[in-house]
*Asks:* 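Below you'll find the structure I mean.
Predicted model, so just to flag it, every value in this text is computed and none were measured. Residue numbers start from 1 in every chain, and the chains themselves are labelled A, B, ... in the order their sequence lines are given, proteins ahead of strands.
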Protein chains: 2
Amino acid sequence: MPATIDDVARLAGVSTATVSRALRGLPNVAPATRDRVARAANLLDYVPDPAASALAAGRTNVIGVVVPTIGRWSHARILEVVSDIATTAGLDVLPVMLASPAARDFFLTSHPFRRRVDGLVVAEVPLDVTDVARLAEGRPVATIGLELDDVDTVLADEQAGVAAATRHLLDLGHTDITFIGDTDSTATLVGPRRRREGFESVLAAAGHPTSGDRVVETQPTATGGAAAMTLLLEQPRPPTAVITASDEMALGAMEVARARGLSIPGDLSVVGLDDQPIAQYVGLTTVARDVTRMATVAADWVVAAVAAMETPGEGVAAVPARHRMVRTSLVVRRSTGPPAMVVDDRDGDSRGDLD
Amino acid sequence: MPATIDDVARLAGVSTATVSRALRGLPNVAPATRDRVARAANLLDYVPDPAASALAAGRTNVIGVVVPTIGRWSHARILEVVSDIATTAGLDVLPVMLASPAARDFFLTSHPFRRRVDGLVVAEVPLDVTDVARLAEGRPVATIGLELDDVDTVLADEQAGVAAATRHLLDLGHTDITFIGDTDSTATLVGPRRRREGFESVLAAAGHPTSGDRVVETQPTATGGAAAMTLLLEQPRPPTAVITASDEMALGAMEVARARGLSIPGDLSVVGLDDQPIAQYVGLTTVARDVTRMATVAADWVVAAVAAMETPGEGVAAVPARHRMVRTSLVVRRSTGPPAMVVDDRDGDSRGDLD
DNA sequence: CTGAAAGCGCTTACAG
DNA sequence: CTGAAAGCGCTTACAG
């Protein structure tokens, strides 16, 4: 049986209250006493029982992290960063993966975090204010990728990033560009919509049509990207460039193109999103999001709020919500280049491309 | 304030003991009573406090998952699978990432899991029996990728997989093959050694020398693979094929080769390890490990042992440890092919290659 | 600066 | 089948 606080108190010759104070570094403990307690605890290999602490203090020292899955690099990275920061602050992490809408619904109605966490980070899961409030139940919460007025949020400026990518392709001479976006857009999960807007605004400004047939939507996975590219290549006039909503999609699209005998970037330019480590090693041009920074900001907020909290659950101070926008940047590698020469006007198709 | 068991008891007109039994589906509760309790709990949105349960029952309903990082796909996948299985069994997961030796040492001496988890899964972290015992402190534990006599272990047959890859390259006509392994091999973390043995045994059987200069060791990341490939390409006589210890390494190696103007597989064949989803989309020939199966087996063992446990910490029944070997398979894609024709004997180099 | 004591919200023999 | 009561191992006013 592991040692308890009583064992330490007995060995140090003090009360359990003093042991508790001494070990947690609380004020009003004589240096000599603190020392004696520390030595006793050390001798006994004493580790406080987190359950007992949680029950007595009303705080769990755990923060919840909600992500869609960890199959996508950015989600795994968010979990990793939050976990690092939490650990440094002496907190544990409770990861929750909500891949399916069913999982989401069940999760929302089961009060999963009640009495389980002191605060939480919610990343890229399509939830509205009501959902987030239901999860948080008054505890500090920060979201990543969600736009919610009354909640702390961290967003990447993906609109600007995709706009830069679109300009890059136009500058290279492309006129047939398709955006392969992801489907999970909701009012609050703004990334998908913002990316699309970045794409369409640049095309419009350049005098290109921005009709729906320049946008395809699918899952943000390699499989999704491959499926979308397959569709596009069946069109009479496939695009010479695609911008995708994730590096994974970009890789899927590239593979399908290659399998069809197209060369990249000769026959098809491809742009990803995230700049995960692998992107560099496959030469992928991509819109870099600083996922590490986003996760760091969100985690720091939550950790600070939890630390500042007297008793969790009694509500967070009603300060105005913070909204942080993290810059994106276009990283040009070898998956984009000028389109192949167009030798003729093709079959009289007269869509209003730039000339 | 959330409802407590007392609120439910009052509303249902029974004692808290009965509420506790009814809600946990224990026997010896009258159906009508069970119903009444369920309705009361539902009405009050009652969720038991896990800390109070843990303290009273002596079990936490949490299982720990130790992985090196989640930057590598296989590690993230293991965490995801264990998490899924735990959730289904009504358990939470406590993830711990031990990237550095320093983190490992600190972690080992701080009794991190004491009173925190009911069981644990340890994956691919170089720990010996003593370390694992110190973490488990008598609780059920299963390891992935570690060979420990008295502990449940799941291993992939990577020796056979790499051997198959080596044979594949020999069959294609390669004679200069280098193995790019990872460095973290220890007596217990057997993957690195087994892979190397798979490589060397096939070369030896084919009458090739297996001297050290056919093996390079580095980090199992894209960066590591790139660094190793850079070194190899500086040699007077670079290999025509490399086998790596992870898909990430393979991608790094491929990129360096391409940057040097080499074509793949024309000038260089590359084999990875894992078959993560992206491998398919970059056309990587790779030794597939069924990571999902490995994680499932380990998680099932631990979850079952935890469920069977009366009071955690009172020691696991001394049954013989289970050792499961999961098959690997070679997936041939377009990163491997016959070597380019050798037009001359080069500069009199007389290493004993097959002719 | 320190201690005695109540209490956090459950579970579990024990008795009936 | 059910309840009263002890107890899990801490923290925290409160009193000194």
*Asks:* Quick check: on DNA chain D, is the nucleotide nearest B/A56 upstream (toward 5') of the one nearest B/R34, or the reverse? Name the residue that is more 5'.
*Replies:* B/R34
*Asks:* Using whole Å, report how far CZ of B/R59 lies from P of C/dG9.
*Replies:* 23 Å
*Asks:* Nearest to the side chain of B/R21, heavy atoms from C-beta on, is which of C/dA4, D/dC10, D/dT2?
*Replies:* D/dT2
*Asks:* OP1, OP2 of C/dG3 versus side-chain N and O of A/S15: anything below 4.0 Å?
*Replies:* yes
*Asks:* Counting any heavy atom closer than 4.0 Å, what does B/A30 reach on the DNA or RNA strands: base, sugar-phosphate only, or nothing?
*Replies:* sugar-phosphate
*Asks:* Under 4.0 angstrom, heavy atoms only, what part of the nucleic acid is B/D49 near: base, sugar-phosphate, or nothing?
*Replies:* sugar-phosphate
*Asks:* List the atom pairs, with distances to 0.1 Å, where a side-chain N or O of residues 290-301 of chain B and a protein N or O form a donor-acceptor pair under 3.5 Å, not counting sequence neighbours.
*Replies:*
from	atom 1	to	atom 2	distance (Å)
B/D290	OD1	B/R293	N	3.1
B/T292	OG1	B/R77	NE	3.1
B/T292	OG1	B/R77	NH2	3.3
B/T296	OG1	B/T292	O	2.6

*Asks:* Looking at A/D92 and B/R116, is there a salt bridge between them, counting it only when a charged N and a carboxylate O are closer than 4.0 Å?
*Replies:* yes
*Asks:* Inspect the contact between A/D7 and A/R10 and indicate whether a charged nitrogen and a carboxylate oxygen are less than 4.0 angstrom apart.
*Replies:* yes
*Asks:* Taking only side-chain N and O atoms of B/T16, does any of them lie within less than 4.0 angstrom of OP1 or OP2 on C/dG9?
*Replies:* no
*Asks:* Would you say D/dG9 has OP1 or OP2 under 4.0 Å from some side-chain N or O of A/T4?
*Replies:* no
*Asks:* Does B/T33 put a side-chain nitrogen or oxygen below 4.0 Å from OP1 or OP2 of D/dC1?
*Replies:* no
*Asks:* Quick check for you: among C/dC10, C/dT12, D/dC10, whose closest atom lies nearest to any side-chain atom of B/A57?
*Replies:* C/dT12
*Asks:* For the C1' atoms, the ones on C/dT12 and on C/dG16, what distance do you get once it is rounded to whole angstrom?
*Replies:* 16 Å
*Asks:* So A/R115, base contact, sugar-phosphate only, or nothing? Heavy-atom distance under 4.0 Å.
*Replies:* sugar-phosphate
*Asks:* Output the single nucleotide from D/dT11, C/dT11, D/dT2 whose closest atom is nearest the side chain of B/I5.
*Replies:* C/dT11
*Asks:* Can a side chain N or O of B/R24 be found less than 4.0 Å away from OP1 or OP2 on C/dT11?
*Replies:* yes
*Asks:* Any salt bridge linking B/D35 with B/R39? Criterion: basic side-chain nitrogen under 4.0 Å from a carboxylate oxygen.
*Replies:* yes
*Asks:* Wobble G-U and Watson-Crick pairs count when both distances are under 3.5 Å; given that, what is the 5' to 3' dot-bracket string of DNA chain D, with | for pairing to other strands?
*Replies:* |||.||||||||.|||
*Asks:* Go through the side-chain N and O atoms of B/T130 and B/R134 and say whether any donor and acceptor fall under 3.5 Å apart.
*Replies:* no
*Asks:* Return the nearest nucleotide to the side chain of B/A17; candidates are D/dC10, C/dT2, D/dA4.
*Replies:* D/dA4
*Asks:* Before giving the answer on side-chain contact (heavy atoms from CB on, under 4.5 Å), spell out for B/R139 and B/E137 the whole-Å C-alpha distance, their side-chain angles and the decisive distance to 0.1 Å.
*Replies:* CA-CA 6 Å; B/R139 288 162 306 208; B/E137 300 190 275; 3.8 Å; yes
*Asks:* So, OP1 or OP2 of D/dT11: does either fall under 4.0 Å of a side-chain N or O from A/S20?
*Replies:* yes
*Asks:* Please list, one pair per line, the donor and acceptor atoms closer than 3.5 Å that link side chains of residues 25-32 of chain A to other protein atoms, with sequence neighbours excluded.
*Replies:*
none

*Asks:* If the cut-off is 4.0 Å, is B/T18 near the phosphate of D/dT2, judged by side-chain N/O to OP1 or OP2?
*Replies:* no
